Amino acid sequence: RLKVALTLQFEFEDGQRTVTFEKGEAILVWRCWQLGLHDVVRRLDRNGFRLSHLSQSDDHEYILAVSQVVCD
């Protein structure tokens, strides 16, 4: 859980995206070896996460997924 509010600003070729977290919110950092882009999307969906943003580095080494827990 965050002890302070946090704002992350991502800059892309086609514009910017800002993600803001409030104090007390949680960030899950997940590191997984050998998953492709489509496998990451399927795994997040299967485990109850709603995908907000997905990008991959030019060398295809890293994937950044921003998602939130689905509360139905």
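Since we're looking at a predicted model, the values are computed, not measured.
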Per-pair distances, 0.1 Å, donor-acceptor, side chain in residues 37-46, under 3.5 Å, sequence neighbours excluded:
unit_1 : atom_1 : unit_2 : atom_2 : d
Asp39  : OD1    : Arg42  : NH2    : 2.5

Return a table of donor-acceptor pairs under 3.5 angstrom between the side chains of residues 54-69 and protein atoms on other chains or two or more places apart.
unit_1 : atom_1 : unit_2 : atom_2 : d
Ser55  : OG     : His53  : NE2    : 3.3
Gln56  : OE1    : His60  : ND1    : 3.1
Ser57  : OG     : Asp59  : OD1    : 2.6
Ser57  : OG     : Glu61  : N      : 3.3
Ser57  : OG     : Tyr62  : N      : 3.1
Asp59  : OD1    : Glu61  : N      : 3.0

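Leu28 contributes atom CG, which lies 9.0 Å from atom CH2 of Trp30 (distance to the nearest 0.5 angstrom).
Both Val29 and Leu2 are members of a single hydrophobic cluster when ILVMFWY side chains are connected at heavy-atom separations under 4.5 Å.
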Report task. Show the numbers, then the answer: is there a side chain to side chain contact (heavy atoms under 4.5 Å, CB included) between Thr7 and Phe21? Result -> CA-CA 6 Å; Thr7 299; Phe21 299 96; over 6 Å; no
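Here salt bridge (charged side-chain N to carboxylate O under 4.0 Å, His left out) pairs that include residues 6-27, with residues two or more places apart or in two chains, number zero.
Between Phe49 and Val70 the shortest heavy-atom distance is C-CG2, 3.9 Å.
Looking only at side-chain heavy atoms (C-beta outward), Leu6 and Ile27 come within less than 4.5 Å of each other.
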